[in-house]
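It should be emphasised that the depicted structure is a prediction, and the values quoted were computed from it without experimental measurement. These numbers come from the heavy atoms of this one structure, side chains and all, not from hydrogens, waters or symmetry mates.
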Amino acid sequence: MKVHVHPGAREDILEAAWFYDEQEAGLGDRVASFLESQIHEIARTPGLHRRYVHFHGALAQGAFPYYMIYYTLELDGLHVRAVLDHRRDPKHIRRRLRSA
């Protein structure tokens with residue numbers, strides 16, 4: 001299945017990488033790579049994840065389990081709309097999903 005990562009989701013991944021690089025040099029690259037691999041794993045079984053209003057949501061499995069990947073299924077493939085750390089303020093998450 002073709003995967004489309006929207007600009008906002010790409011920014012979410014870069015923000016996560018920046019945050020983790022601030023914690024430990026090189027960790028940002030690991031989290032970005034992990035999230036990319038999770039996105040491609042979702043593409044293997046699209047639509048099986050719980051729906052959250054307009055999106056399917058897949059909780060990351062593995063080294064960084066706090067991330068939820070929000071996506072939609074469309075005729076041309078899987079569209080990743082947001083990649084959010086669920087330890088953040090729920091108001092931030094709701095605002096980000098409204099703009100996704």
Here the pair of heavy atoms bringing V3 nearest to A43 is CG2-CB, 3.6 Å
Look only at the side chain of D21 and the backbone of G26, and say whether a donor-acceptor pair between them is shorter than 3.5 Å. yes
- Taking a hydrophobic cluster as the set of Ile, Leu, Val, Met, Phe, Trp and Tyr residues connected by side-chain heavy atoms closer than 4.5 Å, whether directly or through intermediates, do L78 and Y67 fall within one such cluster? yes
Worksheet item: Side-chain contact, heavy-atom cut-off 4.5 Å: I69 with Q38?
Response: yes
Sequence neighbours excluded, the answer for ring-ring contact (aromatic ring centres under 6.0 Å, His included) partners of H92 is none
**Prompt:** Sub-3.5 Å donor-acceptor pair from the side chain of Y71 to the main-chain atoms of I39, do we have one?
**Reply:** no
With sequence neighbours left out, the residues meeting side chain to side chain contact (heavy atoms under 4.5 Å, CB included) with L27 are Y20, E24, R30, F64
message: Given 3.5 Å as the limit, does a donor-acceptor pair link the side chain of R95 with the main chain of P90, or not?
response: no
Take a 6.0 Å sphere around NE2 of H86 and say whether it holds more than 12 heavy atoms from other residues, nucleotides or ligands.
yes
Here the gap from W18 atom CH2 to Q23 atom CD, rounded to the nearest 0.5 Å, amounts to 8.5 Å
On a heavy-atom basis, the closest approach of A17 and V31 is CA-CG1, 3.7 Å
- Message: Under a 3.5 Å distance rule, please check whether Q61 uses its side chain to pair with a backbone N or O of L59 as donor and acceptor.
- Response: yes
*Could you state whether I13 and L84 fall into the same hydrophobic cluster, counting links through intermediate Ile, Leu, Val, Met, Phe, Trp or Tyr residues with side-chain heavy atoms under 4.5 angstrom apart?*
no
- [ ] Measure from NZ or CZ of R87 to the centre of the six-membered ring of Y66 and say whether it is under 6.0 Å with the direction within 45° of the ring axis.
- [x] yes
* Linking I/L/V/M/F/W/Y whenever their side-chain heavy atoms sit closer than 4.5 Å, directly or via other members, would F55 and I42 fall into one cluster? -> no
Sequence neighbours excluded, the answer for side chain to side chain contact (heavy atoms under 4.5 Å, CB included) partners of R50 is Y52
d(H56 NE2, L73 CG) to nearest 0.5 Å is 4.5 Å
Quiz item: Should we count CZ of R44 as having more than 12 external heavy atoms under 6.0 Å?
Solution: no
Side-chain ion pair, E74 and R81, N-O less than 4.0 Å
yes
The ring-ring contact (aromatic ring centres under 6.0 Å, His included) partners of H40 (sequence neighbours excluded) come to none
The salt bridge (Lys or Arg N to Asp or Glu O under 4.0 Å) partners of R88 (sequence neighbours excluded) come to E15
Interatomic distance, CG@D85 vs CE@M68, rounded to 0.5 Å, equals 11.0 Å
*asked:* For a side chain to side chain contact (heavy atoms under 4.5 Å, CB included) check, start with the C-alpha distance between V80 and Y70, then their side-chain angles and the critical distance, and finish with the verdict.
replied: CA-CA 6 Å; V80 178; Y70 291 95; over 6 Å; no
Residues at least two apart in sequence or cross-chain that pass ring-ring contact (aromatic ring centres under 6.0 Å, His included) with H79, listed by chain then number, are H4, H6
